[in-house]
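One structure is given below, encoded as structure tokens.
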Amino acid sequence: MKLILIGFMGSGKSSVGRTLAKKLQLELVELDRLVLKSSGRKSIKEIFERDGETRFRELEIAQAKKLKNKNQAVIATGGGGGLDWLRPGSQVIWLKAGFNTITARLKTDFTRPLFKNQAAAHKLFSFRQPLYRRYADTIIETDNLTIDQVVEQIRQKIKICLIIGDPVSHSLSPLMHNAAYKALEIGHGFVFLASQVKPAELKTTIKMVRVVGVRGLTCTIPHKTAVIPLLDRLDPVAEKIGAVNTVVNDHGQLIGYNTDWLGAITALEKVTKLKNKSAAVFGAGGAARAIVFGLLKQGAKVTVFNRSVEKAWSLSREAGCQCGFSNNLEPIKTMDIIINATSVGMVPQINQSLVPKELIRPHQVVLDVVYAPHQTKLLKDATAQGAKIVPGLDMLLYQGTAQFELYTGRRAPVSAMRRVLIKYLQNQL
Ligand code: NAP
């Protein structure tokens, strides 16, 4: 996650950046300082006087490129040439101030090369305004505010949601949530960012979540279990599952939920009732646990099949359901629902399936948690056998919509979220 403060000289980027970074326990990076360091000159003024503005902009872009993948930082920049590099995955905040305010603030500051000539400075100021507007996700009018008031406004105006994982770049959550903000036109108040957080950084990240007031924290591998002791409360189902993928910050109280089970159950319930239905679940990892507990909650009868038999036994004992043998899959013929909750069939192994095609029957419903490719081998086999299918994309979508509703309190725009997922996955494959 990074927050970028932009604005004209004298807009308060450095002072606000310092206070904000301190409060958020984030590093403050001032782009001008990096430019100065890389230039070998003594001051920005000297770069302008000796090397010219073009050289300054070149150095600025070079430093911005280096910061492209920087996370957990507040970056202050005049917004000259580097914003295209800095912007992806960031929240850009424009500290806006009128020209008169800026003139008054800089009255005694003789170090600003661009402010030597008032008329030229005004021209540059006017030229920059539409650029700032174009890049800004949030605008704070700073004219009559103290530094602390500006920082408070930033905290109030932007509700940050964040996905953490290691790795995290593959996650489709930012795409889905940001598309939903756009569809509901609440993008000025919410932002969904992704941050790669290593296991050793989890504790500090949770501290930061509390200090900043991050509204929603999505946890993916490897944090779904490790985050639990760092929270204040758990939803009872998440507690049973023993994994949290969704943390809501409710006025400083961090509450953990699991929406993976909801995603699978909602997707299944679109095509079948679950009460008293028999279900074969392949897998005993995180996704399988969520699905097994979800199915049992809805009154289904579950049998777990897993490559590592001990894990299958352990999950079935804990959940209070049956355990099947992977070397005897015949019993699944008579079951109502078959679920692949393993990664088998995912790209690039798209021709693999754990379920023999001939055991799939027309009366069955088949869910595959794998969403890339959209039509897995298992789903193709199920269609060919006349069964009803539920793609992994539906589970992904509904775990995301449940999460969106917990974070925003708004009804999720399901179609917009589905559209963006389908478009992305189609372009990927
Ligand atoms: P996990 O905790 O690492 O568990 C992986 C499971 O897959 C284990 O049961 C493992 O069996 C089994 N497995 C892996 N390779 C196998 C193979 N070659 N043959 C047989 N079994 C194999 O992972 P997870 O978090 O449960 O995720 C599993 C899949 O679900 C991933 O593809 C993930 O992307 C997907 N997922 C989808 C959604 C969604 O919304 N659609 C949500 C969550 C997860 P062993 O125990 O024997 O190793």
Side-chain angles (χ1 to χ4, degrees), residues 163 165-173 175-177 218-227 238 241-246 257-268 270 280-295 302-316 318-319 323-327 329 338-356 366-379 389-404 412 414 417-418 421-422 424-425 428:
I163 177 162
D166 184 24
V168 78
S169 56
H170 65 287
S171 169
L172 298 179
S173 293
L175 190 75
M176 198 175 7
H177 284 261
T218 299
C219 300
T220 185
I221 293 168
H223 305 310
K224 288 188 183 184
T225 310
V227 76
I241 296 169
V244 159
N245 73 330
T246 303
Y257 296 86
N258 185 305
T259 64
D260 283 335
W261 78 271
L262 262 174
I265 297 306
T266 310
L268 282 167
K270 298 274 173 202
V281 176
F282 286 80
R289 283 183 70 84
I291 292 172
V292 166
F293 281 100
L295 286 169
V302 179
T303 307
V304 177
F305 296 85
N306 192 49
R307 178 178 60 183
S308 315
V309 186
E310 327 78 71
K311 275 170 79 185
W313 276 112
S314 163
L315 172 57
S316 51
E318 197 187 325
C323 181
F325 297 95
S326 301
N327 58 0
L329 296 179
I338 299 174
I339 298 173
N340 173 45
T342 76
S343 47
V344 175
M346 196 167 86
V347 281
Q349 272 94 35
I350 57 168
N351 293 319
Q352 292 182 6
S353 165
L354 293 176
V355 185
V366 178
L367 161 67
D368 198 338
V369 298
V370 172
Y371 54 80
H374 185 45
Q375 287 294 323
T376 58
K377 170 158 173 28
L378 171 61
L379 295 183
I389 61 162
V390 180
L393 183 132
D394 286 21
M395 173 178 169
L396 179 70
L397 172 69
Y398 293 119
Q399 68 76 29
T401 58
Q403 203 167 68
F404 178 89
V414 182
M417 292 168 84
R418 181 190 288 282
L421 285 180
I422 290 178
Y424 179 85
L425 290 170
Q428 284 299 297

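Note that ligands are numbered from 1 as they come in the structure, with each ligand's atoms numbered from 1 the same way. Predicted model, so just to flag it, every value in this text is computed and none were measured.
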Starting from [atom], what is the nearest protein heavy atom, named by residue and atom, and what distance separates them?
atom: atom 7 (O) of ligand 1; answer: Thr342 CB, 3.2 Å
atom: atom 5 (C) of ligand 1; answer: Gly285 CA, 4.6 Å
atom: atom 23 (O) of ligand 1; answer: Gly286 N, 4.5 Å
atom: atom 38 (C) of ligand 1; answer: Met395 CE, 3.9 Å
atom: atom 14 (C) of ligand 1; answer: Ser343 OG, 3.6 Å

Review point. Does Gly263 come within less than 4.0 Å of ligand 1, judged by its heavy atoms?
Key: no
Review point. Asn245 near ligand 1, heavy-atom distance under 4.0 Å?
Key: no
As an exercise, identify every atom of ligand 1 less than 4.0 angstrom from a heavy atom of [X].
X: Ile221; result: 25 (O)
X: Lys311; result: 45 (P), 46 (O), 48 (O)
X: Met346; result: 32 (O)
X: Val344; result: 16 (C), 17 (C), 18 (N), 19 (N), 20 (C), 22 (C)
X: Tyr371; result: 41 (N)
X: Gly283; result: 9 (O)
X: Ala287; result: 24 (P), 25 (O), 26 (O), 30 (O), 44 (C)

Look only at interatomic distance and state if [X] has a nitrogen or oxygen under 3.5 Å from any nitrogen or oxygen of ligand 1.
X: Val369; result: yes
X: Gly392; result: yes
X: Arg307; result: yes
X: Ser308; result: yes
X: Leu354; result: no
X: Asn306; result: yes

Review point. Between Gln399, Gln403, Arg418, which is the residue that forms a side-chain contact (heavy atoms from CB on, under 4.5 Å) with Met176?
Key: Gln399
Exercise for review: Evaluate the 4.0 Å heavy atom contact test for atom 3 (O) of ligand 1: does a protein atom fall under the cut-off?
Suggested key: no
Exercise for review: Output yes when a protein non-hydrogen atom is found under 4.0 Å of atom 33 (C) of ligand 1, and no otherwise.
Suggested key: no
Are any non-hydrogen side-chain atoms of [X] and [Y] less than 4.5 angstrom apart?
X: Ser326; Y: Val309; value: no
X: Leu295; Y: Ile339; value: yes
X: Tyr371; Y: Leu421; value: no
X: Leu379; Y: Pro391; value: yes

Using a 3.5 Å distance criterion without hydrogens, assess whether the side chain of [X] forms a donor-acceptor pair with backbone atoms of [Y].
X: Ser314; Y: Glu310; value: no
X: Asn306; Y: Ala284; value: yes
X: Asn258; Y: Ala243; value: yes
X: Thr266; Y: Gly263; value: no

Can you tell me how far apart [atom1] ([X]) and [atom2] ([Y]) are? Round to the nearest 0.5 Å.
X: Thr246; Y: Phe404; atom1: OG1; atom2: CZ; value: 13.5 Å
X: Leu172; Y: Leu425; atom1: CG; atom2: CG; value: 5.5 Å
X: Leu315; Y: Phe293; atom1: CG; atom2: CZ; value: 6.0 Å

Exercise for review: Hey, can you tell me if Phe305 and Phe282 have their rings parallel, tilted or perpendicular (30° and 60° cut-offs)?
Suggested key: parallel
